[in-house]
Amino acid sequence: MQITINGNRMEAKEGQTVLQAALASGVYIPHLCYHEKVGAAGKCRACVVEIEGMRGLQTSCSVMVKEGMVVKSQTETALQAQRLVIDLMLSTGKHDCLACEQNGHCELQDAAYFLGIERPSILYADIDRELDTTSEFVHVDRNKCISCGRCVAACNGTVVNQVIDFGMRGHSTEIVFNTNKKMGDSTCVQCGECSQICPVGALIDKNSIGKGRIWELDKVSSVCPYCGVGCKLELFVDRKTNKIVKIEGAEDGPTNDGMLCIKGRYGYDFVGHPDRLKTPLIKENGQFREATWDEAIDLVVSKFSAVKEKYGPDSIMALSSAKVTNEENYTFQKLIRTGFQTNNVDHCARL
Ligand code: SF4
Ligand code: SF4
Ligand code: SF4
């Protein structure tokens with residue numbers, strides 16, 4: 001269908017909200033509670049617009065497009081309301097951007113920049129909220145939380161771990177874990193979905209702090225090496241040290257939709273670990289020595305051949321891995337069936 005946004009006619013699809021249609025056409029409307037994965041929230045009210053034929057301001061994240069709709073997101077009335085919302089968000093927290101890990105990748109900062117807000121006009125961040133550093137992987141700073149509710153929706157509705165909710169009320173509203181436990185003492189499984197979806201610096205991956213902001217790092221697409229689900233990853237790599245600083249789930253990952261488990265998101269220290277094996281080792285007289293691949297493969301072939309010759313092919317069995325690709329598993333079973341001449345081949349995913 002055709003709609004008009006700020007005087008420009010553009011395409012929109014049945015089932016889209018005004019905000020989705022605007023964003024798909026490259027028109028930015030400030031928004032903080034909305035995320036494509038958690039849907040229309042209608043909570044933060046930063047995305048208000050005027051729509052011809054509708055009274056007052058409308059939250060563009062919750063109004064569906066209609067053929068011929070005329071939307072104005074940049075009238076003085078709409079901009080004034082958007083500014084007030086962002087101004088209040090900045091006012092109610094402690095937003096010291098220079099020291100914030102999210103600086104340059106913060107959706108509140110983007111909205112403030114778009115609306116020309118240099119500093120909050122009212123300062124009433126009178127609640128000093130204690131940092132929660134009890135979790136192994138997520139750093140919680142409620143002073144930067146804007147109560148957008150994305151983490152609540154993600155933890156409960158997307159990954160369905162049901163740990164986070166809003167607690168306290170009114171001016172004291174804040175996110176809580178279970179019955180207001182420390183994150184590290186709660187039933188949180190450290191999947192990091194809340195950290196990935198938080199638009200500001202309130203939930204941050206702990207191990208990445210101080211190692212470079214996301215926009216300073218190279219983004220490399222990869223696939224998680226841990227299990228057969230094959231979650232798509234975005235690795236953020238510091239080229240100067242050649243180290244992975246952070247991992248996010250790729251939002252376009254066909255099997256994971258941006259989600260990861262604790263292993264895929266935070267278990268990457270093995271990649272650059274000094275104990276990691278990079279060359280084959282052969283044990284001689286109780287001691288390992290480094291060997292070439294040819295030497296190691298020749299040794300393994302000779303040992304297996306001797307066993308097969310002495311005891312027959314069915315004296316050998318082989319167990320394959322969920323951590324390798326389908327193609328590698330196919331090749332492996334082929335090797336065992338045709339090379340080793342036994343059907344004793346299985347896969348660790350059947351444990
Ligand atoms: S959360 Fe955003 S606005 Fe707040 S201090 Fe961090 S970068 Fe600045
Ligand atoms: S890390 Fe995962 S389980 Fe824990 S609070 Fe965040 S979304 Fe919920
Ligand atoms: S912690 Fe982040 S995602 Fe959760 S409510 Fe606060 S700002 Fe929103």
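Note that ligands are numbered from 1 as they come in the structure, with each ligand's atoms numbered from 1 the same way.
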- Query: In this structure, are over 12 heavy atoms from other groups packed under 6.0 Å from F166 atom CZ?
  - Reply: yes
- Message: To the nearest 0.5 Å, what is the distance between CG on D205 and CZ on F236?
- Response: 10.5 Å
- Item | Atoms in ligand 1 flagged as close to C106, the criterion being non-hydrogen separation under 4.0 Å | 1 (S), 2 (Fe), 3 (S), 7 (S)
- Message: Please list the nearest protein heavy atom to atom 1 (S) of ligand 1 with its residue and the distance rounded to 0.1 Å.
- Response: G201 N, 3.2 Å
- Pull out every atom of ligand 3 sitting under 4.0 Å from any heavy atom of C145, numbered as shown with elements. 1 (S), 5 (S), 6 (Fe), 7 (S)
- Can you name the closest pair of heavy atoms from S321 and V324 and give their distance? O-CG2, 3.4 Å
- Number the atoms of ligand 3 from 1 as they appear, then name those within less than 4.0 Å of a heavy atom of S147, with their elements. 5 (S), 6 (Fe)
- Query: Is K144 touching ligand 1 with its side chain, its backbone, both, or neither, if touching means heavy atoms under 4.0 Å apart?
  - Reply: side chain
- I146 heavy atoms, cut-off 4.0 Å: which ligand 3 atoms fall inside? 6 (Fe), 7 (S)
- Backbone N/O of T17 and side chain of Q20: donor-acceptor pair under 3.5 Å: yes
- Query: Checking N344 side chain against D314 main chain: does a donor-acceptor pair fall under 3.5 Å?
  - Reply: yes
- Message: Other residues, nucleotides and ligands only: do more than 12 of their heavy atoms fall within 6.0 Å of OH on Y28?
- Response: yes
- Task: Evaluate salt bridge (Lys or Arg N to Asp or Glu O under 4.0 Å) for K240 paired with E216, printing each intermediate quantity in order.
- Result: CA-CA 11 Å; K240 292 191 288 297; E216 297 173 301; over 6 Å; no
- Item | I164: numbered ligand 2 atoms lying under 4.0 Å from its heavy atoms | 5 (S)
- Query: Do E174 and R129 have side chains that get closer than 4.5 Å, going by heavy atoms?
  - Reply: yes
- Query: For atom 2 (Fe) of ligand 2, what is the nearest protein heavy atom, given as residue, atom name and distance?
  - Reply: C191 SG, 2.3 Å
- Query: Mind checking whether E248 and L233 have side chains closer than 4.5 Å, heavy atoms only?
  - Reply: no
- Does even one non-hydrogen atom of P199 get within less than 4.0 Å of ligand 3? yes
- Below 4.5 Å, heavy atoms only, C-beta onward: do E327 and N329 meet side chain to side chain? no
- Under 4.0 Å from a heavy atom of G192: give me the atoms of ligand 2 that qualify, with their elements. 1 (S), 2 (Fe)
- Message: For atom 5 (S) of ligand 3, what's the nearest protein heavy-atom neighbour? Residue, atom name and distance, please.
- Response: G149 N, 3.3 Å
- When the ring planes of F304 and F340 are compared, do they come out parallel, tilted or perpendicular, using 30° and 60° as the limits? perpendicular
- Query: Given S135, C194, C188, which one has a non-hydrogen atom that is nearest to atom 4 (Fe) of ligand 2?
  - Reply: C188
- Task: Please could you name the atoms of ligand 2 that N161 approaches to less than 4.0 Å, counting only its heavy atoms?
- Result: 3 (S)
- Task: Find all atoms of ligand 3 within a distance of less than 4.0 Å from any non-hydrogen atom belonging to V200, and give their numbers and elements.
- Result: 7 (S)
- Note on the structure: Quick note on ligand 3: atoms under 4.0 Å from a heavy atom of L203 include exactly 1 (S)
- Item | Atom indices of ligand 3 within 4.0 angstrom of C198 heavy atoms, with elements | 2 (Fe), 3 (S), 7 (S)
- Query: Numbering the atoms of ligand 3 from 1, which are under 4.0 Å from a heavy atom of C151?
  - Reply: 1 (S), 3 (S), 4 (Fe), 5 (S)
- of all protein heavy atoms, closest to atom 8 (Fe) of ligand 2 is C155 SG, 2.4 Å
- Message: Looking at F270, I want to see if its CZ is surrounded by more than 12 non-hydrogen atoms of other residues, nucleotides or ligands under 6.0 Å.
- Response: yes
- Message: Just checking: C97, one of its N/O/S atoms, less than 2.8 Å away from atom 2 (Fe) of ligand 1, yes or no?
- Response: no
- Task: Could you tell me the residue and atom name of the protein heavy atom closest to atom 6 (Fe) of ligand 1, and the distance to it rounded to 0.1 Å?
- Result: C100 SG, 2.4 Å
